[in-house]
Undergrad: 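Please see the structure below; I have some questions.
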Amino acid sequence: MTSLSFEDIGYRVLFGRYVMRIDSDHPRYGELNRGRIVRPGRFYAGRFARALIEDATAITDPELEALLDHGWRQRLTAAWLIGVDRRTSFRERLAGLLLDSETCYAGAGYCFALARFGTDADAGILAAYLDRYLPRTDLVYDQPEALGALLRLDARLGGDRAARFTGTDGLWERWVRARSYPVDHPYANPGELRRWMDRECDFVDAWSRPG
């Protein structure tokens, strides 16, 4: 029988507390994946949000680093916690993880965090990601979340970084066309992608306000 080191035991506690926590019908990472928690009809949304905000404040930077060193569930959850608490010290780390795109699903969390940070630097990271991955019409990574986050930042910062992606026959339109998405698919409408990112960010803000 293999014995567990103190580090192994500590990590398992960390994983159980922050990633696998149950405040709904699914483990936390499952509710965060593709923004499941912000869909209509989630009667437990308030309980989930309050626990998420509490944990985002409580978790330490080294604990977040430990989660970011592991798989997509851990990285997704860590990115949301970072975004909720707006820990901008993780900006460069998240940028590197997003641009490398080593795992599935986690990139949506990085985009959420950058949208929450809300600066020109974050918009630049999202634009760099789209420059790299929109020409790859064979890949479906986190292009929709990145564009939604960039559109949100453009609206809030008064910029137009997304315009070169969303113009007629631009990179976004070509990516959607190559994937054969129907015209009524959310990915075919950049405005819908922004509304979804707004919904995720507004969900956190709504439960962060006193009362």
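No experiment lies behind these values; they were computed from the predicted model shown.
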Undergrad: Shortest non-hydrogen contact from Ala149 to Ala115?
TA: CB-CB, 3.9 Å
Undergrad: Output yes when a side-chain donor or acceptor of Asp154 lies under 3.5 Å from a complementary backbone atom of Ala162, and no otherwise.
TA: yes
Undergrad: Quick check on the 6.0 Å ring-centre criterion: do Trp172 and Phe165 meet it?
TA: no
Undergrad: Do Ile22 and Leu76 land in one hydrophobic cluster if side-chain heavy atoms of ILVMFWY residues count as linked below 4.5 Å?
TA: no
Undergrad: As an exercise, state the distance from CD1 of Ile53 to CG of Asp85, rounded to the nearest 0.5 Å.
TA: 10.0 Å
Undergrad: Regarding Asp205 and Arg116, does a basic nitrogen lie under 4.0 Å from an acidic carboxylate oxygen?
TA: yes
Undergrad: With the side chain counted from C-beta on, respond yes when Pro27 and Arg21 share a heavy-atom pair under 4.5 Å apart, and no when they do not.
TA: no
Undergrad: Among Arg136, Arg161, Arg164, exactly one meets salt bridge (Lys or Arg N to Asp or Glu O under 4.0 Å) together with Asp131. Which residue is that?
TA: Arg164
Undergrad: For the atom pair CG (Asp100) and CD (Glu102), what is the distance rounded to the nearest 0.5 Å?
TA: 5.0 Å
Undergrad: Taking all non-hydrogen atoms of both residues, which atom of Ala45 and which atom of Ile37 are closest, and how far apart?
TA: CA-CD1, 4.1 Å
Undergrad: For the residue pair Arg152 and Arg156, establish whether any side-chain heavy-atom pair is separated by less than 4.5 Å.
TA: yes
Undergrad: At what distance, to the nearest 0.5 angstrom, does CG of Leu81 lie from CG of Leu52?
TA: 5.5 Å
Undergrad: Counting C-beta onward and ignoring hydrogens, is there a side-chain heavy-atom pair between Asn189 and Arg195 closer than 4.5 Å?
TA: yes
Undergrad: Got a second to check how far Leu98's CG is from Leu114's CG, nearest 0.5 Å?
TA: 6.5 Å
Undergrad: Taking 4.0 angstrom as the limit, do Arg177 and Glu173 come out as a salt bridge?
TA: yes
Undergrad: Shortest non-hydrogen contact from Glu145 to Ala108?
TA: CG-CB, 3.7 Å
Undergrad: Any carboxylate oxygen within less than 4.0 angstrom of a Lys/Arg side-chain nitrogen, looking at Asp142 and Arg34?
TA: yes
Undergrad: Over all heavy atoms of both residues, which pair between Arg17 and Asp55 is shortest? Give the atoms and the distance, please.
TA: NH2-OD1, 3.8 Å
Undergrad: For Gly30 and Arg36, which heavy atoms make the closest approach, and how far apart are they?
TA: O-NE, 3.0 Å
Undergrad: Taking atom CZ of Phe203 as the centre, does the number of heavy atoms from other residues, nucleotides or ligands within less than 6.0 Å exceed 12?
TA: yes
Undergrad: Do Arg93 and Asp69 meet the salt-bridge criterion of a basic N to acidic O distance under 4.0 Å?
TA: yes
Undergrad: Does any non-hydrogen side-chain atom of Pro144 lie less than 4.5 Å from one of Trp175?
TA: yes
Undergrad: Taking Thr88 for its side chain and Arg91 for its backbone only, find out whether a donor-acceptor pair lies under 3.5 Å.
TA: no
Undergrad: Under 3.5 Å, side chain of Arg179 to main-chain N/O of Thr137, donor-acceptor pair present?
TA: yes
Undergrad: Is a side-chain donor or acceptor of Arg73 paired with a backbone partner of Val19 at a separation under 3.5 angstrom?
TA: no
Undergrad: Between Leu68 and Leu94, is the side chain to side chain contact (heavy atoms under 4.5 Å, CB included) condition met? List the steps.
TA: CA-CA 9 Å; Leu68 290 173; Leu94 296 185; 4.3 Å; yes
Undergrad: So do the side chains of Phe112 and Leu32 get within less than 4.5 Å of each other, counting heavy atoms only?
TA: no
Undergrad: Mind checking the OG1-CG spacing from Thr77 to Asn33? Nearest 0.5 Å is all I need.
TA: 9.5 Å
Undergrad: Looking at Leu150 and Ala123, what are the two nearest heavy atoms and their distance?
TA: CD1-O, 3.6 Å
Undergrad: Take Tyr187 and Glu192 through the test side chain to side chain donor-acceptor pair (under 3.5 Å) and record every step on the way to the result.
TA: CA-CA 8 Å; Tyr187 288 0; Glu192 182 59 29; over 6 Å; no
Undergrad: I want to check something: taking the side chain as every heavy atom from C-beta on, are Met20 and Arg28 in contact at a cut-off of under 4.5 Å?
TA: no
Undergrad: Any heavy-atom pair between the side chains of Ile59 and Leu67 that's under 4.5 Å?
TA: yes
Undergrad: Pairing donors with acceptors under 3.5 angstrom, does anything connect the side chains of Tyr29 and Gln74?
TA: no
Undergrad: How far does CG of Leu130 sit from CD1 of Ile125, to the nearest 0.5 angstrom?
TA: 12.0 Å
Undergrad: Is there a donor-acceptor pair closer than 3.5 Å between any side-chain N or O of Arg174 and the backbone N or O of Asp169?
TA: yes
Undergrad: Set out, in order, the CA-CA distance, both residues' side-chain angles and the distance that settles side chain to side chain contact (heavy atoms under 4.5 Å, CB included) for Leu153 and Phe117, then state yes or no.
TA: CA-CA 9 Å; Leu153 293 186; Phe117 293 167; over 6 Å; no
Undergrad: Can you list the steps and then say if Val204 with Trp80 is a side chain to side chain contact (heavy atoms under 4.5 Å, CB included)?
TA: CA-CA 10 Å; Val204 174; Trp80 268 78; 4.2 Å; yes
Undergrad: Output yes when a side-chain donor or acceptor of Ser101 lies under 3.5 Å from a complementary backbone atom of Leu97, and no otherwise.
TA: no
Undergrad: For Trp196 and Glu200, does a side-chain donor sit closer than 3.5 Å to a side-chain acceptor?
TA: yes
Undergrad: Is there a side chain to side chain contact (heavy atoms under 4.5 Å, CB included) between Tyr44 and Arg47 once you walk through the steps?
TA: CA-CA 5 Å; Tyr44 45 75; Arg47 179 175 70 245; 3.2 Å; yes
Undergrad: If you group Ile, Leu, Val, Met, Phe, Trp and Tyr by side-chain heavy-atom gaps below 4.5 Å, do Tyr141 and Tyr181 land in one group?
TA: yes
Undergrad: With a 4.5 Å cut-off on side-chain heavy atoms, are Asp61 and Phe90 touching?
TA: yes
